[in-house]
Structures are given as structure tokens and as C-alpha cells.
Amino acid sequence: MPVPRRSLLLAALATGACTSSRPGPPAELVLATGPDGAVFREVGGALARALADRLPGTRVVARPTGASVENVRLLVDGSAHLGLSSLDPLFEAPLDADDPGGISAVGRLYDSFLQVAVPAGAPVHRLADLAGRRVSFGPSESGTEFTATRLLDLLGVRVDARRMAHAEAARQLAAGSIDALVALTGIPTPAISGLLGAFPVRLLDLPAEAELLADAHPGPYAPATIPATTYGALGPCRTFAVPNLLLARSALDASVVEVVTRTAFTESARIAAGHPEAGRINVRTGIATGKVPLHRGAERWFRSVKR
């Protein structure tokens with residue numbers, strides 16, 4: 001007869017109480033990042049390299065993924081120890097700092113902005129104009145797919161949705177194979193930056209859509225403006241932003257998560273190099289994780305720096 005999970009957990013806790021030794025660093029630490037052409041991939045890779053320096057006995061792996069939704073799934077099933085996610089898909093995740101099967105936050109890092117890029121001469125000026133057109137929603141199980149689907153369903157706009165990494169979407173946009181690229185990611189987005197000077201594009205202004213989404217789903221969305229300095233000639237663009245969190249399995253040892261938290265917030269300049277929005281990673285906003293509870297190790301580190 002299989003032993004109930006609760007009995008196994010109680011036995012493990014009892015065993016831990018009988019020994020004074022603390023678990024050492026794990027042999028491997030998997031960080032779920034994002035797709036090609038997205039800031040998650042680059043920031044996640046830089047964080048993994050920094051963690052490898054801080055945890056010399058651990059093999060730190062930056063795992064490419066579709067992004068937020070896939071990262072949450074990998075954390076839940078134990079295939080990843082750490083992962084990046086925008087806040088909105090987390091409202092449907094098992095958030096519990098005390099449950100070994102739950103997910104908790106290391107901290108809030110920076111914000112992602114919804115960006116909709118179209119050819120400069122296209123007769124598309126608002127999301128409703130995309131009806132029936134070929135639109136990249138980012139990779140399957142990405143935060144882009146989650147948020148774009150939610151927004152267009154709210155508007156009642158039906159498009160020919162394609163799933164692909166942002167870098168591939170940029171190539172297909174330039175080739176005329178798709179009509180629009182949607183990306184929910186940090187700014188500047190490498191995939192969009194790579195188009196500048198090579199293919200004329202513009203970003204859709206979304207002030208009304210931003211307010212509609214924030215009213216319909218209070219919490220994760222806030223109207224925001226992409227600064228004029230982000231993409232040069234594209235100018236400022238009104239849209240909305242979503243906070244990004246670094247997450248951990250709640251079962252991950254608190255001493256390890258304390259190292260992860262310290263690294264993320266004290267080496268933020270290294271981790272965010274080349275990404276001005278990611279450069280906003282700081283201790284003051286790091287604890288603003290919304291409904292997602294802080295991991296015990298993260299909470300310990302934040303308390304230590306407030307003394």
C-alpha cells in the first residue's frame with residue numbers, strides 16, 4: 001500500500017528535527033527563463049551566471065522556455081527550482097509559502113509592457129483593426145499568449161493567432177508572413193530593437209484597451225507609457241505594464257533562496273545590463289509581490305537589509 005503524502009512529509013520533518021546538519025547547496029539549480037528575443041531569456045541567463053559564482057558547488061542551468069505560463073507549470077511539477085513570470089497568470093497558480101508543492105516569490109524584479117508592432121504602412125491603428133489578420137501571440141504557454149488572449153477576448157476581436165518566439169515573429173513580420181507582433185516583455189525588447197533600421201515598424205497606441213483590461217481584471221495591470229527614448233524614432237507609446245516576479249518552489253531550501261535573493265538584488269546592474277527597465281530591480285520594490293507570498297529565504301534576506 002502506498003504511503004500517504006502527508007505521512008511522508010511528517011516523516012521527513014521528523015528526520016530533519018533529529019539532525020543538526022543543514023542541507024548543502026543543491027547539485028543542480030534550474031532557472032526557467034523565456035524564448036529567443038525576449039528579455040526573460042537574457043535577464044534569466046545573466047542571473048544564472050551570477051548564481052553560478054555565488055553557488056560554486058551547484059550547476060546552475062538557465063532553461064529556455066515559452067515564458068510565464070510554462071515556467072509556472074515547470075515549478076509546479078518540480079522540473080524547475082526557480083522561474084520568471086509576469087504577475088497575471090499567477091492568479092491561477094498554487095501560491096503557498098508553507099506548502100512544499102506550492103510556489104512563492106523571491107521578489108518583484110521589473111515590469112513588462114504590452115507592445116504591438118505592425119508594419120509602418122499597414123492600415124492598422126488599433127487592436128480592432130487586427131480582426132482576421134495573422135498575429136504572433138508569442139510562444140505557447142507564454143505570458144504574451146495569456147495576456148493577448150485575455151485582452152482580445154475582452155474586446156471580442158478574433159485574429160489568426162500564431163505561436164512563435166519573439167525573434168522568429170520579428171523575422172516573419174519583416175518577411176510579410178504575419179501582420180503584427182505582440183510581445184509582453186521588458187523594454188527595449190530585443191526582437192523589436194532588431195527590426196529598427198532594417199524594417200519600418202510602428203507600435204500601436206493602446207490607452208483605451210489598457211483601461212478596459214485594468215477595469216476587467218483588477219490587480220496585475222496598470223496603464224503605462226513606453227518612453228520615447230526606448231526605440232528612438234518610434235516615439236512614446238501608451239499601453240499597460242505588468243509586474244514580473246522571480247519565483248521559487250516553496251520546497252527549495254531557505255538558505256539557497258536567501259542566496260538567490262541577495263544575488264538578484266545586489267548584482268542587479270550585472271543582471272540587467274543593456275535593459276533599462278530591468279535596471280529598476282531594487283530592494284524597495286522587491287517585496288511588492290502582490291498576492292504572491294515571499295519565500296521564507298527571501299523574507300529572511302529582506303528583513304536583514306532593513307535593519
Side-chain angles (χ1 to χ4, degrees), residues 31-34 39-40 43-44 47 65-114 141-151 153-154 184-186 209-224 239-252 254 257-258 260-261 264-265 277-278 280-303 305-306:
L31 168 59
T33 62
V39 177
F40 270 9
V43 168
L47 175 57
T65 67
S68 296
V69 176
E70 181 178 357
N71 292 352
V72 172
R73 177 173 60 79
L74 293 175
L75 287 165
V76 171
D77 70 22
S79 300
H81 306 93
L82 302 167
L84 296 161
S85 178
S86 52
L87 182 60
D88 46 343
L90 292 172
F91 280 62
E92 301 173 8
L95 306 174
D96 192 332
D98 297 317
D99 181 353
I103 298 173
S104 46
V106 175
R108 175 176 176 170
L109 299 184
Y110 61 96
D111 292 349
S112 281
F113 291 71
L114 189 79
E141 294 191 287
S142 65
T144 298
E145 179 190 44
F146 181 92
T147 306
T149 300
R150 170 176 277 185
L151 177 57
D153 283 351
L154 186 62
L184 179 70
T185 183
E209 293 88 340
E211 290 188 12
L212 182 67
L213 187 61
D215 288 344
H217 299 281
Y221 307 109
T239 181
F240 59 86
V242 184
N244 292 316
L245 307 185
L246 176 60
L247 305 170
R249 283 183 57 79
S250 297
L252 189 58
V257 176
E258 188 172 4
V260 172
T261 313
F265 288 94
E277 184 62 28
R280 296 188 181 186
I281 299 171
N282 65 79
V283 174
R284 183 176 59 82
T285 59
I287 60 173
T289 56
K291 67 172 291 182
V292 187
L294 283 173
H295 190 285
R296 294 181 306 280
E299 191 175 5
R300 182 192 301 169
W301 185 79
F302 281 116
R303 276 201 309 265
V305 297
K306 285 187 174 182

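Given the structure is predicted, the values throughout are model-derived calculations rather than measurements.
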| Worked check of side-chain contact (heavy atoms from CB on, under 4.5 Å) between Asp88 and Arg150 | CA-CA 10 Å; Asp88 46 343; Arg150 170 176 277 185; 4.1 Å; yes
| Should Ser85 and Asn244 count as side-chain neighbours, where that means a heavy-atom distance under 4.5 Å? | no
| Between Thr144 and Leu184, is there a donor-acceptor pair closer than 3.5 Å when you use the side chain of the first and the backbone of the second? | yes
| task | Just do the side-chain contact (heavy atoms from CB on, under 4.5 Å) check on Leu47 and Leu246 with the steps written out, would you? | result | CA-CA 10 Å; Leu47 175 57; Leu246 176 60; 3.7 Å; yes
| task | Give a yes or no on whether the backbone of Leu252 and the side-chain of His295 come within a donor-acceptor separation of less than 3.5 Å. | result | yes
| said: Does either side chain, that of Ser86 or that of Ser112, offer a donor lying less than 3.5 Å from an acceptor on the other one? | reply: no
| field | Results of side-chain hydrogen bond (donor to acceptor under 3.5 Å, both in side chains) for Thr65 - residues two or more places apart only | value | Asn71
| query | Do Leu87 and Phe91 come close enough that some side-chain heavy atom pair is under 4.5 Å? | reply | yes
| If only atom types and distance count, is the side chain of Glu70 paired as donor or acceptor with the main-chain N or O of Gly66 below 3.5 Å? | yes
| query | Considering all heavy atoms of both residues, which atom of Gly101 and which atom of Pro94 are nearest to each other, and what is their separation? | reply | O-CG, 4.5 Å
| request: Measure across Val39 and Thr185 and return the closest heavy-atom pair with its distance rounded to 0.1 Å. | output: N-OG1, 3.2 Å
| Closest heavy-atom contact between Ile281 and Ala264? | CG2-O, 3.8 Å
| In Å, rounded to the nearest 0.5 Å, how long is the span from CZ of Arg300 to CD of Glu258? | 5.0 Å
| request: Hey, could you give me the CG/OG distance between Leu90 and Ser68, rounded to the nearest 0.5 Å? | output: 7.5 Å
| query | Of all heavy-atom pairs between Glu209 and Leu151, which one has the smallest distance, and what is that distance? | reply | O-CD1, 4.0 Å
| If we only count heavy atoms from C-beta on, is the Asp111 to Val242 side-chain gap below 4.5 Å? | no
| remark: Distance col, row Phe265:CZ vs Trp301:CH2, nearest 0.5 angstrom, shows 7.0 Å
| request: Heavy atoms only: give me the nearest Ile103-Ala93 pair and the separation to one decimal. | output: CD1-CB, 4.5 Å
| Arg296 side chain to Ala97 backbone, donor-acceptor under 3.5 Å | yes
| task | Please identify each residue that fulfils ring pair (Phe, Tyr, Trp, His ring centres under 6.0 Å) with Phe240, with sequence neighbours left out. | result | Tyr221
| query | Between Leu109 and Leu245, does a side-chain contact (heavy atoms from CB on, under 4.5 Å) hold up when you go through it step by step? | reply | CA-CA 6 Å; Leu109 299 184; Leu245 307 185; over 6 Å; no
| What are the two closest heavy atoms between Phe40 and Gly34, and how far apart are they? | CB-CA, 4.0 Å
| field | No-hydrogen, no-angle side-chain donor-acceptor test under 3.5 Å, Asp99 and Ser250 | value | no
Determine all donor-acceptor pairs shorter than 3.5 Å in which one atom belongs to a side chain in residues 284-294; sequence neighbours excluded.
from: Thr285; atom 1: OG1; to: Asn282; atom 2: OD1; distance (Å): 3.3
from: Thr285; atom 1: OG1; to: Asn282; atom 2: ND2; distance (Å): 3.3
from: Thr289; atom 1: OG1; to: Val292; atom 2: O; distance (Å): 2.7

| said: Please evaluate residues Val106 and Leu247 with respect to the criterion side-chain contact (heavy atoms from CB on, under 4.5 Å), reporting the C-alpha separation (whole Å), side-chain torsions for both, the decisive distance (0.1 Å), and the verdict. | reply: CA-CA 5 Å; Val106 175; Leu247 305 170; over 6 Å; no
